[in-house]
Structures are given as structure tokens and as C-alpha cells.
Amino acid sequence: SGRIYMPMYTLEFGIVHQDCVVNELSREYPNVKIVCLGGIVLDPNLSDGHTAEEILAIESSNETEILDSIQFLKDHDQISEISIIEKTTGKTIVRLLASAVPVTGYCSEAVRKNRCYPLGLEIQKGGVERWLVGSYESNQLDSLLKQLSNMGEIKYKNVSKTKWSDLLH
């Protein structure tokens with residue numbers, strides 16, 4: 001039996017995402033780590049005007065910074081609802097509903113439109129939105145990077161080639 005090997009191309013990137021509420025929060029509180037545990041882009045016509053739902057883990061050794069981060073989101077005009085769904089020392093998990101789309105669009109939608117696969121979770125720290133994505137063809141990564149450059153300042157980008165089966169480990 002023969003072996004088949006088509007490589008997976010990966011792109012690790014960090015972006016200062018213009019007009020993104022969570023990236024704005026990360027710039028305001030650079031020591032806080034924000035992990036997007038799940039996010040859904042919503043159709044506002046079917047969702048009471050909401051454009052996105054996200055579950056965020058807000059982590060810091062400074063509890064005041066966590067509280068301030070939650071208050072930042074509560075006060076933001078693009079966030080219509082926020083609720084705490086889990087809280088432990090150093091970590092609070094919130095569910096939020098947004099009522100506006102970033103002018104530049106969502107990074108998750110750019111990833112999807114360029115036929116790339118999110119690998120791992122989106123992380124915001126130090127004002128930089130960090131992603132790892134995979135693709136079947138390297139030109140999909142080139143296309144994604146071109147679109148991302150119109151969405152904000154790309155702080156770093158690392159392209160590599162690996163095996164799809166590496167995702168199983």
C-alpha cells in the first residue's frame with residue numbers, strides 16, 4: 001500500500017486589528033490574556049440585531065484588571081450584552097453579544113473566506129490578536145495575508161509546512 005502525502009501549510013500571525021472591540025480591550029489592558037473559546041458571526045436580522053456571540057476567557061494575576069476588562073466591555077457601545085458564566089481566581093469566562101461589525105470585518109471571516117482552517121484558539125495579549133491557521137494550498141495563506149493587511153497592522157507572520165496528521169497529536 002502506497003503512502004500519500006499532501007502537506008498542510010500553516011500560518012501563525014499576530015495583528016493589531018482595527019475597530020475590533022476585543023483587540024481594543026487588549027491594547028487597553030496589555031497584561032490581560034483573552035482567549036476566545038468560541039465565536040459565532042450572527043445574522044442581525046435573525047438575532048435581534050446582534051452581529052456576533054463570543055465566549056471569552058479573561059485571565060490575569062491582577063483581579064482588578066479582570067474586573068476593569070469586563071467593565072470596559074460592558075461600557076463599550078458595540079457590546080449589547082455581557083454575562084459572567086464562570087469565575088475562578090485569575091480567570092473569568094464571559095459570554096457577550098455584539099451589535100456592530102468591525103469596519104474591517106472579523107478575522108474569523110477572513111480566515112474562512114480564504115479557505116483556511118483555524119487551528120487552536122484565538123488569543124489576544126499585549127494588544128495583538130494571535131492566530132494559527134492551516135490550508136491545503138499555500139496561495140490561500142497569501143490571499144489571507146493580503147486581506148489581513150487591510151484589517152490592521154500585521155505584527156508577525158510565520159509560514160510553515162507540516163503534515164495534516166500532526167493535528168492528531
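Being a predicted model, the structure only gives us computed values, none of them experimental.
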Can you find a pair of side-chain heavy atoms, one from [X] and one from [Y], that are under 4.5 Å apart?
X	Y	result
C36	V22	no
I66	V32	no
L96	I55	no
E129	S26	no
I40	L42	yes
T92	I70	yes

List the residues meeting side chain to side chain contact (heavy atoms under 4.5 Å, CB included) with [X], not counting sequence neighbours, and say none if there are none.
X	value
T88	K91
S108	V41, Y106, W131
K33	V35, E59, I123, K125

Sequence neighbours left out, what passes side-chain hydrogen bond (donor to acceptor under 3.5 Å, both in side chains) with [X]? Give chain and number order.
X	result
D77	none
T104	H17
E86	none
S47	none

Open item on the list: I need the full list of salt bridge (charged side-chain N to carboxylate O under 4.0 Å, His left out) pairs touching residues 148-161, with sequence neighbours left out, sorted by first then second residue.
Closed with: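 Found E153-K155.
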Task: Pairs where residues 103-120 contributes a residue and the test salt bridge (charged side-chain N to carboxylate O under 4.0 Å, His left out) is met, not counting sequence neighbours - done: E109-R112
Within a radius of less than 6.0 Å around [atom1] of [X], do more than 12 heavy atoms belonging to other residues, nucleotides or ligands occur?
X	atom1	value
D142	CG	yes
I4	CD1	no
F72	CZ	yes

Quick check for you: to the nearest 0.5 Å, what is the distance between [X] atom [atom1] and [Y] atom [atom2]?
X	Y	atom1	atom2	value
Q18	N150	CD	CG	11.5 Å
Q124	I15	CD	CD1	10.0 Å
D43	T51	CG	OG1	10.5 Å

If every non-hydrogen atom of [X] is compared with every non-hydrogen atom of [Y], which pair is closest and at what distance?
X	Y	value
L119	G134	CD1-N, 3.6 Å
S80	A98	OG-C, 4.1 Å
C116	Q140	SG-O, 3.9 Å
G127	N23	O-ND2, 3.2 Å
D19	V101	OD2-O, 4.1 Å
I58	S69	CG2-CB, 4.0 Å

Checking the side chain of [X] only, and the main-chain atoms of [Y] only, is there a donor and an acceptor separated by less than 3.5 Å?
X	Y	answer
H76	Q78	yes
E63	G90	yes
Q147	S143	no

- [ ] List the steps and the verdict of side-chain contact (heavy atoms from CB on, under 4.5 Å) for L145 and I154.
- [x] CA-CA 8 Å; L145 281 168; I154 297 173; 4.0 Å; yes
Using atom types as modelled, flag every donor-acceptor pair under 3.5 Å from a side chain in residues 5-14 to any protein atom, sequence neighbours excluded.
residue	atom	partner	partner atom	Å
Y5	OH	T162	O	3.4
T10	OG1	S160	OG	2.7

Task: Qualifying residues under ring-ring contact (aromatic ring centres under 6.0 Å, His included), relative to Y29, sequence neighbours excluded - done: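 Checked Y29 against ring-ring contact (aromatic ring centres under 6.0 Å, His included); zero matches.
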TODO: Among V94, L25, L73, find the one that has a side chain to side chain contact (heavy atoms under 4.5 Å, CB included) with I34.
DONE: L25
[X], [Y]: one ILVMFWY side-chain cluster at the under-4.5 Å cut-off?
X	Y	value
Y136	L132	yes
V21	I84	yes
L67	I85	no
M151	L141	yes
L148	V159	yes

Open item on the list: Applying salt bridge (Lys or Arg N to Asp or Glu O under 4.0 Å), can you list everything that pairs with R95, at least two apart in sequence or on another chain?
Closed with: E53
